[in-house]
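Accompanying notes for the structure given below.
Numbers restart at 1 for each chain; the letters A, B, ... are given by sequence-line order, proteins then strands.
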There are 2 protein chains.
Amino acid sequence: MRSLADRKRQLVRDELSEAALKLLAYQGFEETTIEQIAAAAGVSKRTFFRYFAAKEDVLIEMLSELADAIRAGLATRPASESPAEALRAVFQIPIDEFTTGHPDPAKSLRLARLVLGTPAVRARYLDRQHQLRTEVAGLLAARTGEPYRASVQAAIGFAAYEAAVERWAAADGAEDLGELVDQAFAQASLALA
Amino acid sequence: MRSLADRKRQLVRDELSEAALKLLAYQGFEETTIEQIAAAAGVSKRTFFRYFAAKEDVLIEMLSELADAIRAGLATRPASESPAEALRAVFQIPIDEFTTGHPDPAKSLRLARLVLGTPAVRARYLDRQHQLRTEVAGLLAARTGEPYRASVQAAIGFAAYEAAVERWAAADGAEDLGELVDQAFAQASLALA
DNA sequence: CCTTAGTTGACACTCAGTGCCATGCGAGGC
DNA sequence: GCCTCGCATGGCACTGAGTGTCAACTAAGG
């Protein structure tokens, strides 16, 4: 069982996340100050920075569990699988989270649109994905023993996934994300063999 | 002929770029203030911001001519070419610039390593590439009439190119960039058909 | 010579982000 | 039950990015 202090900490963190998402979505990213977010969560500006290193991170870190899950998922995939199969399988994790996840699908979509529509946040997000891609490349290289080939495969796999997510967000969730990823991978998998 | 004022402006801009590249490469990005860069170029901090919107942009904008060239190059490619051929062809522009370009190859490499090695700059760079990728997708869509397919193709093409450049920078330029891109495209082109 | 447009420096200001220190509070030892 | 010890917090001061404003200067053209 987690200690009281730990649960308190999680509470403050959730409070900050929720306040931030609400304010940022309503007023826009640039127009919202950290003091506003902190005040809305009932803490000081200084405390905000004890939970998040930067304003962008309040949004980005909501997605970091997904990155962890992808890393972990790929590590436990059978080595007999091709890179294409393994990648397609682990990308199912964020898909499920976005479309049928706990925090409710509409919230996921709002977050996605906010992240992809705000230059400063998008830049940070792309950098995170880039980092994740590098790690995934490492995992693939460990399977095949061909580092460069693996990094190209990882790059292509992420490219397909990203194209699908952007299309999904741009269409306001009207199209099925799983299908979009399937289509993208159908195209990409020729290069992932 | 450009007016005196225009040439003066270009002079200041070059002065700022050069001072920035030198200082940032030596001291690191975070450790260098804009006032230092401005002072080294002989202007005030306020003037710096009249030339570049942010500290990252001094480095990023050195690459923006390449983005323009890629856009322009793709627009003038024969419509008979496949997306794979057209993409491979326009990516030759930055390759030539990096390996045999005017400002000398070593400088290109230093810039590449600085951009890719500094989180804040890398994030901005990835965002620029992302934007370019979107525009390229639009141009491809205009050829084929299949927007989603085109955006996946653009994403994959850029992924291959990026993987090659990163490998090139990581290897300190020891490997031939053109060959790396060829290898990556050999893999990717299956998906670009 | 005079006017106009564009460039610059100086100053003041907001806001992001960090370091430091004092205070408060829960947990466990005595 | 008291007393520390550790940790979270708030407040404060400070640096640096980035912006608005204004006055001074300068090239260009009538």
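Between B/F91 and B/Y161, the angle of the ring planes stays under 30°, which puts this pair in the parallel group of the 30/60° scheme.
In this structure, B/E30 atom CD and C/dT18 atom C1' are separated by 13 Å, rounded to whole Å. The distance between atom NZ of B/K55 and atom P of D/dT19, rounded to the nearest whole Å, is 14 Å. Across the protein-nucleic acid pair, A/Q10 atom CD and D/dA8 atom C1' stand 15 Å apart, rounded to whole Å. One can place CZ of B/R9 at 18 Å from P of D/dT26, the figure rounded to the nearest angstrom. A/E31 places its CD atom 14 Å from the C1' atom of C/dT14, with the value rounded to the nearest Å. The CG-P distance, from A/D6 to C/dG26, rounds to 15 Å in whole Å. Rounded to whole Å, the distance from CZ on B/F29 to P on C/dG17 is 13 Å. The CZ-C1' distance, from A/F48 to C/dT18, rounds to 14 Å in whole Å.
Comment: A/R124 does not engage A/D127 in a salt bridge, judged by the lack of any side-chain N to carboxylate O separation of less than 4.0 angstrom. Ion pair B/E166/A/R133 flagged as a salt bridge, since at least one NZ, NE, NH1 or NH2 atom sits closer than 4.0 Å to an Asp/Glu carboxylate oxygen.
Within the nucleic acid shown, A/F52 has no heavy atom closer than 4.0 Å to any nucleic acid atom. Residue-level contact check: B/K45 touches the bases, meaning some heavy atom is under 4.0 Å from a base atom.
Close to D/dG10, at under 4.0 Å from its OP1 or OP2, lies a side-chain N or O of A/T47. Phosphate proximity of D/dA8 to A/Y51: absent, as no side-chain N or O sits under 4.0 Å from OP1 or OP2.
Environment of CD in B/E18: sparse, with no more than 12 heavy atoms of neighbouring residues, nucleotides or ligands closer than 6.0 Å.
Distance from the side chain of B/V43 is smallest for C/dG9 among the nucleotides D/dA8, C/dT8, C/dG9. Of the candidate nucleotides C/dC15, D/dG18, D/dA8, C/dC15 has the atom lying nearest to any side-chain atom of A/T33. Closest to the B/F49 side chain, of the nucleotides D/dG10, C/dT8, D/dT19, is D/dT19. Listed candidates were D/dA17, D/dT9, D/dT21. Nearest to the side chain of A/R50 is D/dT9. With distances taken from any side-chain atom of B/R46 to the nucleotides D/dG18, D/dT21, C/dG26, the minimum falls on D/dT21.
Contact record, A/L66 with A/P94: CD2-CA, 4.0 Å, taken as the closest heavy-atom pair.
Mapping A/V12 and B/I34 onto DNA chain D via the closest heavy atom, the residue that lands nearer the 5' end is A/V12.
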